[in-house]
Amino acid sequence: MTSERQPATERRTYEPFTPPRRVLLGPGPSPVEERILQAMAAPLLGHLDPVFLRCMDEIQELLRFVFETTNRVTIPISATGSAGMEAALVNPIEPGDEVVVCIHGVFGERMLDIVGRCGGRPTAVRAEWGTPIDPEQIRAALASCSKPKAVAIVHAETSTGVLQDLKGLSEMAHDHGALLIVDAVTSLGGHPVGVDRNGIDVCYSGTQKCLGAPPGLAPVTFSERALEVIRNRQTKVQSWYLDISMVEKYWGGERTYHHTAPISMNYALREALQIVYEEGLEARWARHQRNHRALVAGVEAMGLAMNVAPPDRLWSLNAVRVPDGVDDGRVRARLLSDDQIEIGGGLGPLKGKIWRIGLMGSGSARQNVRLVLDALQRALQAEGFDCASGVEAAERVYESGAAS
Ligand SMILES: *Cc1c(COP(=O)(O)O)cnc(C)c1O
């Protein structure tokens with residue numbers, strides 16, 4: 001490889017790019033079913049073609065189904081989950097607005113950064129990484145504000161494996177005239193999110209976690225209360241691309257050109273949502289829960305420990321402590337090279353301390369639980385850490401579940 005940056009010349013030949021088939025059990029992207037890859041290969045349509053408009057309508061209908069909402073404005077933003085986060089924050093927040101931002105991992109920190117960039121005045125509520133936010137601290141933070149505009153919180157903290165209970169948060173926010181903004185990137189399609197049930201005003205997700213499509217779109221939903229707040233803004237939304245009142249005109253009745261929708265990605269999302277619909281939300285959540293339980297049983301039978309207390313554990317993302325004396329990176333490298341399995345490492349204060357095993361979307365499967373437990377045992381033994389097999393303990397969870 002040359003170190004100077006050169007344009008491609010006629011003399012160079014490029015080998016075909018043939019990525020290996022990995023088993024994606026990290027923090028995302030998750031495995032994508034063949035059916036979805038096929039859908040992406042369908043012929044391109046114009047972004048205002050009546051047939052594509054029908055595809056868009058079905059996506060909105062199916063998104064309302066997975067978000068469990070009747071919100072009119074429920075659409076995919078044409079960019080990844082972080083753009084969903086940015087859309088959720090830049091639309092309601094104006095310079096000077098007070099925002100309570102809950103931080104218990106990487107994605108809470110990212111929200112805080114965006115609120116600052118909007119000119120908002122954040123009040124941070126923090127919890128140690130690996131634990132959820134204490135709602136009483138949110139209550140206190142709201143009380144310390146004069147006119148809070150929103151509470152922003154991550155439902156499924158992918159950096160730590162923690163599930164945040166949302167119960168009572170909307171009443172708390174609404175009592176102060178604030179909106180509840182929820183990051184459901186790693187929960188939507190894997191855990192109950194229940195936008196309307198939980199009184200969430202703005203919720204966003206990504207396609208590549210529990211929805212099981214490739215990365216590239218960010219489903220978002222805005223309640224009427226949120227839209228009212230946005231209509232009453234004194235200033236323009238600072239982002240042209242993410243201004244929901246403009247994006248909505250393309251997705252809504254007017255179909256005004258705003259940007260060229262990523263056609264093939266929308267085919268993929270439509271197909272992924274159809275798969276969720278066919279499976280059913282309850283069955284899908286139960287599958288994510290069952291495979292998580294089996295994985296935990298296996299991990300513990302191996303003599304390893306989970307990093308999050310049982311009631312706060314995500315089903316979609318499992319944080320496993322790296323045993324003392326074991327090099328986190330070397331084990332992950334072995335899984336990738338020997339078994340084609342990708343798992344994640346820790347971030348920030350958890351760097352080198354945890355592995356993050358994602359069981360998301362179609363990746364949440366009995367076969368993958370078996371595969372990763374077996375491969376992890378072999379990798380640990382190769383690194384000189386003696387441990388038992390976790391596979392049998394995991395299998396017992398499935399068998400007891402089948403009996404009940
Ligand atoms: C993955 C993730 C995001 C960001 O999504 P990208 O698609 O990587 O931009 C935001 N929040 C959470 C909780 C995530 O897990």
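Just so it is clear, the model here is predicted, and its values are computed rather than measured. Both counts, for ligands and for their atoms, begin at 1 and track the order of listing.
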Open item on the list: For Tyr241 and His259, I'd like to know if the aromatic rings sit close, meaning centre-to-centre distance below 6.0 Å.
Closed with: yes
Open item on the list: Just to verify, what does Arg290 make a side-chain hydrogen bond (donor to acceptor under 3.5 Å, both in side chains) with, not counting sequence neighbours?
Closed with: none
TODO: Identify, for atom 4 (C) of ligand 1, the protein heavy atom at the shortest distance, and state residue, atom and that distance.
DONE: Ser82 OG, 3.4 Å
TODO: Keeping to residues at least two apart or across chains, list the ring pair (Phe, Tyr, Trp, His ring centres under 6.0 Å) pairs with something in residues 151-195.
DONE: His191-Trp315
Open item on the list: Give me the residue, atom name and distance of the protein heavy atom closest to atom 1 (C) of ligand 1.
Closed with: Lys209 NZ, 1.5 Å
Task: Arg117 atom CZ: more than 12 heavy-atom contacts under 6.0 Å - done: no
Task: Ala156 neighbourhood, listing ligand 1 atoms whose heavy-atom distance to it stays under 4.0 Å - done: 13 (C)
Open item on the list: Checking a contact table here: which protein heavy atom is nearest atom 10 (C) of ligand 1, and how many Å away?
Closed with: Phe107 CD2, 3.3 Å
Task: Which residue and heavy atom of the protein sit nearest atom 11 (N) of ligand 1, plus the separation - done: Asp183 OD2, 2.7 Å
Open item on the list: Using the rule given for ring-ring contact (aromatic ring centres under 6.0 Å, His included), can you reason through Tyr257 versus Tyr250, listing the C-alpha separation, both sets of side-chain angles and the distance that settles it, and then say yes or no?
Closed with: CA-CA 6 Å; Tyr257 165 68; Tyr250 171 48; 7.6 Å; no
Task: Protein contact to atom 15 (O) of ligand 1 [nearest heavy atom, distance to 0.1 Å] - done: Thr158 OG1, 2.3 Å
Task: CD on Gln164 to OG on Ser187, rounded to 0.5 Å - done: 11.0 Å
- [ ] For ligand 1, find out whether one of its N or O atoms is nearer than 3.5 Å to an N or O atom of Val154.
- [x] no
Task: Thr80, any N or O under 3.5 Å of ligand 1 N or O - done: yes
TODO: Report, in ascending order of atom number, the atoms of ligand 1 lying under 4.0 Å from any heavy atom of Gln208.
DONE: 6 (P), 7 (O), 8 (O)
Open item on the list: One pair to check against ring-ring contact (aromatic ring centres under 6.0 Å, His included): His258 and Trp240. What are the steps and the verdict?
Closed with: CA-CA 10 Å; His258 177 258; Trp240 179 89; 4.3 Å; yes
Task: Heteroatom distance test (Thr186, ligand 1): nitrogen or oxygen, under 3.5 angstrom - done: yes
